[in-house]
Amino acid sequence: MNVSDLREILQYVPRFRERIFVVAVDGEVAASENFANVLLDLAVLRSLSIKVVLVHGASHQIVEMAREMGLKITNSDGTGVTDEKTLNLSISAGVRLTNKIMEGLSAVDLRAAYINAIIAHPAGILGGTDYQYTGRIERVDVKALRLLLDEGIMPVVPPLGFDGEGRTYRVNSDSAAVEVAEELSAAKIIYLAPSSSFNHTLKLPRQLSVSETTELLKKQGAQLSPGVVSKLEGATKACIQGVPRVHILDGGVNEALLTEIFSHEGFGTMVYSNEYQQIRRIFKKDVRAVMSLIRQSVQNEELVRRSRVEILEKLEDYWLLEVDRTAVACVALHVYPEASSGELACLYVSKVHENQGYGRKLMAFVENLARQKGLKSLFALSTQAINYLQQKGGFREVSPDILPSPRREKYMASGRNSKVLLKTLS
């Protein structure tokens, strides 16, 4: 670890201190060799005063136990029909796994407690089929969970629900994590899925808004594994219900959890509420950040050099795209009202955030802004991003003669011999 890594981690610590994370672990991850590393990661979170609730599945263990006993089960993940035989198997497998997790937490010096915090009722008859002992989560015992958390004890929640008369029901752990997180006003849900869940042709983006997640599931859900679909659906519901961010990670990869939480680029996929990512005007205090952001691009002669004074003179023209309160991209719109035209300028995305659509997002933002100002066209000058502006932004190369007079004079004096690209706005 170098100094910059440590600084990046430390900036998150005050933000997460005393916040609640719900970590949902699939049964297959709990059975993997990497699970010992996951428990160490949880110990790191606790050492930073982050409160953790551990929700676990048991589908893998139920299937394995049924195979060993030569029994046929009706459903393993708590979403289908659960007959009495399957329920009894689920209880045995779930309790055994809970005990294994408790042993593992003790081994990394973490205090933990099994808790029957899920209050459930029968799912009932759905589509004409009686789901028998499959449960529908009615509520979460928040008071009991908070009592444990306030005492520094990690609650461990199995995929089982209980009603007021002592009956047990099989519940889905992905759904349980959503309900627990909502009731506790958790800062995050972190889903740890098995590596096998990611063996599909469609690669998930690093970040998805709620609307983007809904669209992805609608159009490309068939290309994803059922486990990933379940978690994306849970993530969407959680964000709508007030959980700011939900992370979906490969639980078979060492340090995936810490990398996702304590780095800007992350590791897996994060579904977020709209406040996570924003485009905003810059203020005087942001000028240094903009100059630092574009420094390397200026040295590479991709962008023209701008002084602090030059940026301050046109402060209202500049915009920042922030991810998790960190500036990752910038753009400017210089308006030439006499020509009903605007210049898309200073478009830059930091290297670690490339290929995530931020450049296109900023171009679309500037285009909409130009329309709002009543401009009829946008132009851009570039020496090295010509193809990008043409292919991603819909610009076309034109003669420098189309430039407004003040901009044309500046263009001729620069000696950069930039290409001029134009986009007509409807």
Side-chain angles (χ1 to χ4, degrees), residues 2 4-5 7-9 11-12 198 201-209 211-213 215-216 220 245 247-250 253 255-256 258-272 274 276-280 282 286 288-306 311 318-333 343-369 378 380-395 416 418-419 421 423:
N2 56 42
S4 61
D5 292 332
R7 285 174 179 162
E8 188 171 355
I9 291 171
Q11 71 175 296
Y12 287 95
F198 299 94
T201 56
L202 180 63
K203 183 177 175 61
L204 291 177
R206 285 291 175 86
Q207 290 102 19
L208 287 166
S209 66
S211 59
E212 288 170 338
T213 306
E215 191 70 11
L216 177 72
Q220 298 175 289
R245 298 163 202 175
H247 306 258
I248 302 172
L249 311 178
D250 184 340
V253 177
E255 297 184 357
L258 297 182
T259 302
E260 176 70 8
I261 295 172
F262 297 116
S263 68
H264 295 319
E265 59 269 24
F267 175 81
T269 293
M270 181 177 69
V271 179
Y272 61 89
N274 291 332
Y276 170 75
Q277 190 182 99
Q278 65 168 337
I279 299 172
R280 64 168 178 83
I282 71 168
D286 299 313
R288 181 178 296 177
V290 171
M291 295 183 71
S292 176
L293 188 65
I294 67 175
R295 182 179 294 118
Q296 187 60 52
S297 186
V298 170
Q299 292 175 358
N300 295 341
E301 298 187 5
E302 296 169 341
L303 291 178
V304 68
R305 186 177 300 278
R306 291 167 173 82
I311 295 176
Y318 287 84
W319 299 80
L320 277 179
L321 187 153
E322 291 185 323
V323 172
D324 206 12
R325 305 181 195 176
T326 300
V328 303
C330 62
V331 73
L333 173 63
E343 179 182 3
L344 185 152
C346 199
L347 176 63
Y348 181 75
V349 179
S350 68
K351 295 299 181 185
V352 296
H353 290 88
E354 288 180 344
N355 303 314
Q356 296 183 40
Y358 295 144
R360 279 177 288 179
K361 185 168 289 188
L362 283 175
M363 280 196 291
F365 172 80
V366 167
E367 189 175 320
N368 288 332
L369 190 63
L378 270 180
L381 278 67
S382 179
T383 58
Q384 299 178 42
I386 301 156
N387 288 341
Y388 181 83
L389 290 166
Q390 290 175 327
Q391 295 172 9
K392 305 296 185 182
F395 286 80
R416 282 170 56 85
S418 303
K419 296 290 186 181
L421 299 109
K423 182 170 185 177

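Just so it is clear, the structure is predicted and the values come from calculations on it, not from any experiment.
The shortest heavy-atom contact between Tyr348 and Leu303 is CB-CD1, 3.9 Å. Minimum heavy-atom separation, Val290 to Cys330: CG1-SG, 4.5 Å. In this structure, Met270 and His247 approach most closely via the heavy-atom pair SD-CE1, 3.3 Å. Residues Pro205 and Thr269 share a closest heavy-atom pair of O-OG1, 2.7 Å. Between Val298 and Val304, the shortest heavy-atom contact is CG2-O, 3.9 Å. Residues Ala327 and Leu293 come closest through the heavy atom pair O-CD1, 4.0 Å.
Note that the CZ atom of Arg206 and the CD atom of Glu260 stand 8.0 Å from one another [nearest 0.5 Å]. How far CZ of Arg245 is from CD of Gln207: 10.5 Å, rounded to the nearest 0.5 Å. Note that the CG atom of Leu333 and the CG atom of Leu344 stand 7.5 Å from one another [nearest 0.5 Å]. Note: Leu378 CG to Met363 CE = 10.5 Å, rounded to the nearest 0.5 Å. Separating the CD atom in Gln391 from the CD1 atom in Ile386 is a distance of 11.5 Å, to the nearest 0.5 Å. With rounding to the nearest 0.5 angstrom, the OG atom of Ser382 is 10.5 Å from the CZ atom of Phe395.
With sequence neighbours excluded, the residues that form a side-chain contact (heavy atoms from CB on, under 4.5 Å) with Gln220 are Leu202, Leu216, Gln223. Glu343 meets the salt bridge (charged side-chain N to carboxylate O under 4.0 Å, His left out) test with Arg407; sequence neighbours excluded. Under the side chain to side chain donor-acceptor pair (under 3.5 Å) criterion, Thr213 pairs with no residue at all, not counting sequence neighbours. Applying the side chain to side chain donor-acceptor pair (under 3.5 Å) rule to Asn300 yields the partners Gln296; only residues at least two apart in sequence or on another chain are considered. Judged as a salt bridge (charged side-chain N to carboxylate O under 4.0 Å, His left out), and not counting sequence neighbours, Arg295 has no contacts. Contacts of Ala329 classified as side-chain contact (heavy atoms from CB on, under 4.5 Å), with partners at least two apart in sequence or in another chain: Leu321, Val349, Leu362. Glu215 is linked by a side chain to side chain donor-acceptor pair (under 3.5 Å) to Lys219, counting only residues two or more places apart in sequence or in another chain. Scored by the side chain to side chain donor-acceptor pair (under 3.5 Å) test, Ser297 finds Glu302 as partners (sequence neighbours excluded). Residues that satisfy the ring-ring contact (aromatic ring centres under 6.0 Å, His included) test with Phe365, not counting sequence neighbours, are Trp319. For Asp286, the salt bridge (charged side-chain N to carboxylate O under 4.0 Å, His left out) partners two or more places apart in sequence, or in a different chain, are Arg280. For Glu255, the salt bridge (charged side-chain N to carboxylate O under 4.0 Å, His left out) criterion is met by no residue, not counting sequence neighbours.
A donor-acceptor pair is defined here as one N or O able to donate and one able to accept, closer than 3.5 Å; no such pair exists between the side chain of Thr383 and the backbone of Ser418. For Lys392 (side chain) and Gly359 (main-chain N/O), no donor-acceptor pair under 3.5 Å exists by modelled atom type.
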side-chain contact (heavy atoms from CB on, under 4.5 Å) assessment of Ile279 paired with Lys361: CA-CA 9 Å; Ile279 299 172; Lys361 185 168 289 188; 4.2 Å; yes
Hey, mind stepping through Ile282 and Ile311 against side-chain contact (heavy atoms from CB on, under 4.5 Å) and telling me if it holds? CA-CA 10 Å; Ile282 71 168; Ile311 295 176; 3.9 Å; yes
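By the 6.0 Å contact criterion, CZ on Arg288 is open, its count of non-hydrogen atoms from other residues, nucleotides or ligands being 12 or less.
Among residue pairs with one or both ends in residues 349-359, those qualifying as salt bridge (charged side-chain N to carboxylate O under 4.0 Å, His left out) are Lys351-Glu354; sequence neighbours excluded.
No side-chain heavy atom of Val366 sits under 4.5 Å from any side-chain heavy atom of Leu347. Put simply, the side chain of Phe267 reaches to within 4.5 Å of the side chain of Asp250, judged on heavy atoms.
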